[in-house]
Every structure is written in C-alpha cells, then in structure tokens.
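Bear in mind that the values here come from a model prediction, so they are computed numbers and not experimental data. Scope of the values below: all heavy atoms of this structure, side chains included, with no hydrogens, waters or symmetry mates. Start at 1 with the first residue, then count along the sequence.
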Amino acid sequence: MKTLHSKAFRRRAGQLLATASVVAAALAFANVASAQTLTIESWRNDDADVWNTKIIPAFNKTHPNIKVQFKADPPTEYNAALNARLAGGTAGDLITCRPFDASLDLFKKGNLIAVNDVKGLENFSDVAKSAWSTDDGRTTFCMPMASVIHGFVYNKEIFDELKLTPPKTVAEFHAVLDKIKADGKYTPIAMGTADQWEAATMGFQNIGVNYWKGEEGRKALIEGKQKFTDKPYVDAFKELASWAPYMGDGYKAQKYPDTQNLFTLGRAAIYPAGSWDVPIFRKQADFEFDAFAPPVVNAGDKCYISDHTDIAIGINAKSQNMEAAKTFLSWVASPEFAEIYANELPGFFPLSKAKVDVKDPVAAKFVGWRGTCESSIRNSYQILSRGTPNLENELWNVSAQVMNGTMKPEEAAKKAEDGLASWYEPHKK
C-alpha cells in the first residue's frame, strides 16, 4: 500500500507540475502578446490624428493585445528618412508603401517581405495590386490601401460672388482665371513651386492625362513609341507655364502648407488638387468648396483623370513582431478598414472590392468622375523612374522651372526625355 501511495503521489505531483508549466507558458505568451507594439512608418503626417483617434482604436477593439503607433515624416523627407532607418535597423514594423518603383526597390533590397500568404489579399484585384507587385505579377509585397484622384477644388463662395461657372474646357478655365484676376480680391490659382513636387503632381500630372490620353500615352512612353518631346507633353508644359500670371506674388517661395493655408483662409479661388487635400480643407475651411475635373482641350473631347494607386502598407523584413504585423495587414484588407478609411480620410478611395459609401460630397464628386472619364496613373511611376536620373524627380524640377519661367516648355520636355534616354533602352532608339 505504501508503494502504491508513493506512486500515486508522484503521478499527481507530476500532473500538477505539468499543469503549472502550461499555465506559466500561457501567461508568458499573454505577456509577450500584450507587450507587442507595432510602429507604422508613413509620409502622411496630415493623417496622424485620424490614425490615433479612429483607425487604431477600431483595430484594438478586436485586437487589444497589439499596440500600434503611427509615426510620420514630412512627405518630401520620407524616402530618405525611411531608407536611413532601414539601413540602420531602426525602421518600424509596418512600412507605408508608395506605388511602383520606390517600393519595388525596397522589396528587391530585402526590406519588405512578400504578403501573398496574408489573409485578405484576395480582396483586391490584379489592377489594385499591380502598384505593389513584381513585374510578372506573381509576388505582392504591400497590402493595397487607397488611390487618389487629381482635379481642381474651388471656393464656391468666390465663384458665386463673381458669377463664375466651373470650367469644362481649357479656354473656359482661362476665362475664369481672367475674371478672378480682373476682380483683384483673390489669387486665381493657389499653388507654389518651392517644394517642386506640387508643380509636377498637381500641375503636370493633373492636366497632362487629357493631352497624352491617359493610359494610351503612358503605355506608349514605356514602350518607347512616344517621347516627352512629342506634342502632347510639350503642350502640357505650355499649359502649365500659362498658370504663372495667376499664381500670386511670391509663389516661387511658397511651400505646400503655405498653399493649403492660402486656400483655406479664403484668399484663393482655385486649388489644383489631389483628392487627399479634401480632409484638410474640410477641417480648416469655413466656406463651402467643390471640385471640377481637369478641363479638356476642346468641347466634346473624351476626358481623362489621374486616378493614382497611391498608398499601401507592407512589413519590414526585420520586424520582431511578424505575426502581429500580418494580423494588422489582414485587418487593413477588411471592409471595416475600407469604410473607416474612406470616410475618416475622404479623398482616399479604398482599392478593395468592398462596397463603400463615400459620404463626403466633394470626395464623392472626385470618385464620381470614374463614371464619365477614363482613369490613368502618373506616367513617371511605373518602370520609368528606376534609373538615374530619376524621372519622377526630373519632372518635379522641370515642371517647377516651367512655372517659374526659368525653362521653356520645349526645354523641359527635352531635359525629361534626355534623362530618360540616358538609361532606358526603349528611349535610346
């Protein structure tokens, strides 16, 4: 009996020890899970408040053990700052991805992981994934989030006061500008050239699609069938140059935040825009504003819009929180995220297949152009900015110089073409 009792005692003790080990392991796992913190790298510093008060709290309702912090650099500093942190091993777990070549380069250098196995990627079409996939389309390295659309935002009160109608053609656009300038109370066009990227992004790429006919021209550039020295591109630069007399005193020293302030303070009538500006204007402007699409050259012409796959999110290959990062990406692919993102940041249009009701009327106006105009993306983003000189940066510079009057449209077109031809084979022919 003594032996049996001893055996039973040892067996029971072993069971208790095993149970204690399981409990300890569970507690250790819980502590690790609760300690997980994901850091998001982004250039969208304007969006910090929405991420911190709306998006992250919504994620934490179903994932309370994963903390998320949003860290943003100014847009013009993001690429360099991110690359420095990646090289130094201090970058965040989640990397906000620009479209096409810049993010493809990060993937090729081993800074981003493939996300083909992340649940939710099936919610996106091949077109939506194309900006963050390898050239053969087999590997996707960032979860798509949103596109942005280019156009013009205008102050409705100024238009009503001066009895102006939103223009549909280039001639009508200039007639409106002339009337605003003749009145003298308002700056006709809110735009500066100090940061350069505005001149290319909200200027050249905004209006250019109507000159080179959207995807037709963009693909012809990639194939080498068209060059920047061809008429459609020169004409786009000529139109850009014609804006200078309407941009107000000091526009050459004016930075992006200055331009936003000029418009939201009610001192400018028209703002060449990306739809991403809508939430800023909604927050800061105390007047009613609306939007019109890029004017076509001639009445009756087919219209085109720059409907640009703009923003996605990927995982730092050196993240110490890989599973938590994948969990977050899966949530980004959900209809819940799409609904929050579209309506808390109106002007960013989700790329997932989820049906989203865009409630902001101006954002809805932008996305409504998809029904009447053909969509394209910025012509410098896919393939054509992989070499040196970088075409995107070249277009920033020459677009600003055209608006500043320091470079003629033909010279700008030639500089862009010569730079591309110096390294891109289809343009060497």
Residue pair Phe281, Tyr271: steps toward the ring pair (Phe, Tyr, Trp, His ring centres under 6.0 Å) verdict: CA-CA 11 Å; Phe281 295 164; Tyr271 182 101; 4.8 Å; yes

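- Of the possible donor and acceptor atoms, one in the side chain of Asp101 sits under 3.5 Å from a partner among the backbone N and O of Ile383.
- Using modelled atom types and a 3.5 Å distance limit, the side chains of Gln205 and Tyr381 yield no donor-acceptor pair.
- By the 30° and 60° cut-offs, the orientation of the rings of Phe59 relative to His63 is parallel.
- Between the side chain of His427 and the backbone N or O of Leu221 there is at least one donor-acceptor pair closer than 3.5 Å.
- Ala199 and Leu240 make their closest contact through O-CD2, 3.8 Å (heavy atoms, listed as atom of the first residue, atom of the second, distance).
- A donor-acceptor pair under 3.5 Å is formed between the side chain of Ser275 and the backbone N or O of Ile149.
- Using modelled atom types, one finds no donor on one side chain facing an acceptor on the other under 3.5 Å when comparing Glu216 with Trp212.
- Within the 4.5 Å cutoff, the side chain of Trp132 has no heavy atoms near those of the Arg98 side chain.
- Judged purely by atom type and a 3.5 angstrom limit, Trp197 has no side-chain atom pairing as donor or acceptor with the backbone of Asn393.
- Scanning all heavy atoms of the two residues, the minimum distance from Pro75 to Asn45 falls at CD-OD1, 3.8 Å.
- To the nearest 0.5 Å, atom CG of residue Asn316 and atom CE of residue Met322 are 7.5 Å apart.
- To the nearest 0.5 angstrom, Glu392 atom CD is 12.5 Å from Phe100 atom CZ.
- Salt-bridge annotation for Lys414 and Glu411: absent, with no side-chain N of the basic residue lying under 4.0 Å from a carboxylate O of the acidic one.
- Scored by the ring-ring contact (aromatic ring centres under 6.0 Å, His included) test, Phe348 finds Tyr341 as partners (sequence neighbours excluded).
- Ring centers of Phe159 and Tyr186: at least 6.0 Å apart, outside the cut-off.
- In terms of heavy-atom proximity, Asp93 sits nearest to Gln320 at OD1-N, 4.0 Å.
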List the steps, then state whether ring pair (Phe, Tyr, Trp, His ring centres under 6.0 Å) holds for His174 with Trp243. CA-CA 9 Å; His174 279 271; Trp243 291 6; 8.3 Å; no

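- Phe141 and Phe107 have parallel rings, their planes meeting at less than 30° on a 0 to 90° scale where 60° marks the start of perpendicular.
- Here CD of Glu288 is found 13.0 Å from CD1 of Ile158. Values are rounded to the nearest 0.5 Å.
- The minimum heavy-atom distance linking Met143 with Val118 is given by the pair CE-CG1, 3.7 Å.
- Nearest heavy atoms, Met247 versus Met191: CE-O, 3.4 Å.
- Within a 6.0 Å radius of CG in Asp249, no more than 12 heavy atoms belonging to other residues, nucleotides or ligands are found.
- Ion pairing between Asp126 and Lys129 holds under the 4.0 Å rule for side-chain N and carboxylate O.
- Taking 4.5 Å as the limit, some side-chain heavy atom of Asp73 sits within range of a side-chain heavy atom of Arg85.
- Heavy-atom contacts from other residues, nucleotides or ligands closer than 6.0 Å to NZ of Lys359 number more than 12.
- Put simply, the side chain of Glu417 never gets that close to the backbone of Lys415: no donor and acceptor are under 3.5 Å apart.
- Contact annotation: the side chain of Lys326 approaches that of Ile315 to within less than 4.5 Å [non-hydrogen atoms, C-beta and beyond].
- Ion pairing of Lys283 with Asp46 is absent here, as no side-chain N (NZ or NE/NH1/NH2) approaches a carboxylate O to less than 4.0 Å.
- Distance check: Ile377 CD1 to Thr309 OG1 gives 5.0 Å after rounding to the nearest 0.5 Å.
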Given side-chain contact (heavy atoms from CB on, under 4.5 Å), test Glu172 with Phe292 step by step and report yes or no. CA-CA 12 Å; Glu172 290 174 359; Phe292 60 85; over 6 Å; no

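- Thr96 and Glu41 form no side-chain donor-acceptor contact under 3.5 Å, judged by distance and modelled atom types alone.
- Checking side-chain atoms of Asp195 against main-chain N and O of Tyr256 turns up a donor-acceptor pair under 3.5 Å.
- Nearest heavy atoms, Trp331 versus Ile55: CH2-O, 3.4 Å.
- When the shell of 6.0 Å around NZ of Lys213 is examined, it contains 12 or fewer heavy atoms from other residues, nucleotides or ligands.
- If you take NZ on Lys219 and CD on Gln226, they are separated by 13.0 Å, rounding to the nearest 0.5 Å.
- Put simply, the side chain of Phe204 does not reach to within 4.5 Å of the side chain of Val398, judged on heavy atoms.
- With contacts defined as side-chain heavy-atom distances shorter than 4.5 Å, the pair Met202/Phe152 does not qualify.
- Under a 4.0 Å N-O distance rule, the pair Glu425/Lys428 qualifies as a salt bridge.
- Taken to the nearest 0.5 Å, the CG atom of Asn111 stands 7.0 Å off from the NZ atom of Lys318.
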Hey, mind stepping through Ser385 and Arg378 against side-chain hydrogen bond (donor to acceptor under 3.5 Å, both in side chains) and telling me if it holds? CA-CA 11 Å; Ser385 287; Arg378 298 171 202 159; over 6 Å; no

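- At distances below 3.5 Å, not a single donor-acceptor pair connects side-chain atoms of Thr139 with backbone N or O atoms of Ala114.
- One N or O on the side chain of Asn210 and one on the backbone of Pro295 form a donor-acceptor pair closer than 3.5 Å.
- Asn155 places no side-chain N or O within donor-acceptor distance of the main-chain N or O of Phe289, the cut-off being under 3.5 Å.
- A donor-acceptor distance shorter than 3.5 angstrom exists from the side chain of Asn123 to the backbone of Ala333, with no hydrogens or angles considered.
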